[in-house]
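Notes follow once the structure below has been shown.
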There are 2 protein chains.
Amino acid sequence: MVKKISPFAINLEQKCIDKGLRLTDQRKVIVKLLEETIMDTKFHPDVDEIHKRAVAIDKKISIATVYRTVKLLEEADIIDRHEFKEGKSRYEAVTETHHDHLIDINSGEIIEFVDDEIEKLKKKIANKLGFELVDHRLELYCKKLK
Amino acid sequence: MVKKISPFAINLEQKCIDKGLRLTDQRKVIVKLLEETIMDTKFHPDVDEIHKRAVAIDKKISIATVYRTVKLLEEADIIDRHEFKEGKSRYEAVTETHHDHLIDINSGEIIEFVDDEIEKLKKKIANKLGFELVDHRLELYCKKLK
DNA sequence: ATAATTGCAAATGCTTTGCTTGTGA
DNA sequence: TCACAAGCAAAGCATTTGCAATTAT
């Protein structure tokens with residue numbers, strides 16, 4: 001059976017269908033929530049935050065389901081998991097272009113940025129050391145200049 | 001009372017004394033172990049590894065003490081804690097110059113590298129966004145080129 | 001002497017999992 | 001229909017902590 005693929009899936013639910021994931025009511029709610037991370041680039045919810053918001057929509061969604069769904073979506077390359085220095089994971093929808101994060105250590109605010117120069121440099125360093133870059137993370141922990 | 005400071009402390013035990021940390025038998029053992037991370041740049045032990053090695057020297061050292069000591073040393077800026085993508089912390093003695101890490105995703109080997117260009121770029125990016133860089137981490141997850 | 005440190009075991013916080021019941025395709 | 005998903009509660013894992021006993025200065 002040939003699966004129909006939408007190459008320009010605009011929403012995460014469509015991406016799930018494209019990947020052949022079964023769309024339960026719970027998954028629809030969670031996926032809808034995570035879609036907000038596309039427009040609001042400062043929104044990187046953790047499992048608790050996702051669960052709280054999900055329960056507000058449908059109170060029968062358990063935290064176990066949130067954990068399972070978030071893991072599933074990560075494995076399907078639909079969302080990214082980040083572990084900043086706080087001991088828990090935060091999630092956001094996968095974006096076309098790679099970006100890094102700047103974390104305001106006073107407010108906790110997370111700012112995304114894209115910098116081609118630093119992306120090229122990462123690749124160059126890996127190659128120089130005899131490696132091929134597969135994945136990478138760069139986090140800048142900062143305080144506001146006044 | 002004026003504390004005597006050794007500005008060029010060659011060993012971690014001296015650094016502990018300089019910072020006014022009480023040197024118990026257990027701490028001496030742990031600190032001695034962690035000193036190995038200075039010469040062996042690929043050695044980034046986790047708490048379990050430190051505890052295993054510590055017990056081999058003095059079997060009455062508990063894992064709680066390892067956790068407490070490692071936290072103490074981190075707060076005293078004597079060692080650095082790293083959290084690579086594996087869900088536990090790894091430690092190494094603080095070095096004069098900042099370095100980043102390249103992790104071989106197949107072997108788990110951790111390689112340290114220093115790159116001035118990327119350090120400058122980190123600072124530049126933070127400033128451009130209106131921030132002052134306080135802390136940062138860059139990890140390259142790679143596979144060997146053949 | 002005495003304030004700090006230890007060992008032990010219990011508690012924590014985040015995450016995973018076994019099992020039974022429920023449900024999407 | 002029926003393989004897969006959900007809910008619940010128990011388990012897992014790294015880490016922290018309360019408390020009584022021990023120890024460094």
Side-chain angles (χ1 to χ4, degrees), chain A residues 1-4 13-14 16-33 44-52 54-76 78-91, chain B residues 1-4 13-14 16-33 44-52 54-76 78-91:
Chain A
M1 178 262 216
V2 178
K3 221 168 276 164
K4 198 179 160 195
E13 200 170 306
Q14 186 58 51
C16 290
I17 294 167
D18 290 350
K19 303 258 175 165
L21 301 183
R22 190 183 284 193
L23 273 175
T24 63
D25 289 345
Q26 292 88 331
R27 288 184 184 174
K28 280 180 197 162
V29 170
I30 294 167
V31 150
K32 180 59 75 187
L33 281 174
H44 297 73
D46 57 36
V47 166
D48 236 53
E49 181 66 37
I50 298 168
H51 184 232
K52 260 194 211 89
V55 164
I57 296 166
D58 176 349
K59 62 168 64 86
K60 74 173 181 304
I61 298 180
S62 74
I63 193 136
T65 295
V66 177
Y67 273 107
R68 280 192 270 234
T69 302
V70 124
K71 184 176 216 175
L72 184 85
L73 295 173
E74 195 205 346
E75 284 164 357
I78 292 172
I79 62 174
D80 279 327
R81 180 175 78 235
H82 301 296
E83 290 167 50
F84 302 122
K85 299 188 171 184
E86 43 169 13
K88 63 183 168 182
S89 298
R90 291 179 174 276
Y91 300 85
Chain B
M1 175 265 214
V2 179
K3 221 167 276 161
K4 199 181 159 193
E13 200 170 306
Q14 188 57 53
C16 291
I17 294 166
D18 291 350
K19 304 259 175 165
L21 302 183
R22 192 183 282 196
L23 273 174
T24 62
D25 289 345
Q26 293 89 330
R27 289 184 183 173
K28 281 181 196 161
V29 169
I30 293 167
V31 150
K32 180 59 74 187
L33 281 174
H44 297 75
D46 56 38
V47 165
D48 235 54
E49 180 67 36
I50 297 169
H51 184 233
K52 259 196 210 88
V55 163
I57 295 165
D58 177 347
K59 62 167 66 86
K60 77 173 179 302
I61 298 180
S62 74
I63 194 135
T65 295
V66 177
Y67 273 107
R68 281 192 271 235
T69 303
V70 123
K71 185 176 215 177
L72 184 87
L73 296 173
E74 195 204 347
E75 283 164 357
I78 293 173
I79 63 173
D80 279 326
R81 181 176 77 236
H82 301 296
E83 290 167 51
F84 302 123
K85 299 187 173 187
E86 41 168 16
K88 63 183 169 182
S89 298
R90 291 180 174 276
Y91 300 86

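We name chains A, B, ... by the order of the sequence lines, and we start the count at 1 in each one. These figures come from a predicted structure and were not determined experimentally.
Closest to the B/Ser62 side chain, of the nucleotides C/dT16, C/dG7, D/dT15, is C/dG7. Residue B/Arg22 has its side chain nearest to D/dT23 when only C/dT17, C/dT15, D/dT23 are considered. In the set C/dT15, C/dT5, D/dT15, the nucleotide with an atom closest to the side chain of A/Val47 is C/dT15. For A/Tyr67, the side-chain atoms get nearest to C/dC14 when compared with the rest of C/dA25, C/dC14, D/dT23.
Not a single donor-acceptor pair under 3.5 Å links the side chain of A/Thr65 to the backbone N or O of A/Ile61.
If you take CD of B/Glu74 and P of D/dT16, they are 10 Å apart, rounded to a whole angstrom. Summarising the geometry, the separation between CZ on A/Arg90 and P on C/dC14 is reported as 11 Å, rounded to the nearest angstrom. The distance from atom NZ of A/Lys88 to atom C1' of D/dC13 is 18 Å, rounded to the nearest whole Å. Separating the NZ atom of B/Lys60 from the P atom of C/dC8 is a distance of 11 Å, rounded to the nearest angstrom. Here the C1' atom of nucleotide C/dT15 and the NZ atom of B/Lys85 are 18 Å apart, to the nearest Å. Rounded to whole angstrom, the span from the NZ atom of B/Lys71 across to the P atom of C/dT5 amounts to 14 Å. Straight-line distance from the CZ atom of A/Arg27 to the C1' atom of D/dA6: 9 Å, rounded to whole Å. Distance, A/Asp25 CG to D/dA5 P: 14 Å, rounded to whole Å.
Taking the nucleotide of DNA chain D with the nearest heavy atom to each of B/Leu23 and B/Arg81, the more 5' of the two is matched to B/Arg81. Map B/Leu21 and A/Ala64 each onto its nearest nucleotide of DNA chain D; the residue landing nearer the 5' end is A/Ala64.
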>> Between B/Cys16 and B/Val31, is the side-chain contact (heavy atoms from CB on, under 4.5 Å) condition met? List the steps.
In response: CA-CA 9 Å; B/Cys16 291; B/Val31 150; 3.8 Å; yes
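Distances shown here put every side-chain N or O of B/Ser89 at or beyond 4.0 Å from the OP1 or OP2 atom of D/dA14. OP1 or OP2 of C/dG7 sits under 4.0 Å from a side-chain N or O of B/Gln26. When the side-chain nitrogen and oxygen atoms of B/Thr24 are compared with OP1 and OP2 of C/dT6, one or more of them lie within a distance under 4.0 Å.
Residue A/Arg68 is classed as a base contact, given a heavy-atom separation below 4.0 Å to a base. No contact: A/Ile63 has no heavy atom under 4.0 Å from any strand.
At least one side-chain heavy atom of A/Arg81 sits under 4.5 Å from a side-chain heavy atom of A/Glu83. Put simply, the side chain of A/Asp80 does not reach to within 4.5 Å of the side chain of A/Glu74, judged on heavy atoms.
When all heavy atoms of B/Leu23 and B/Lys28 are compared, the closest pair comes out as O-CE, 3.9 Å.
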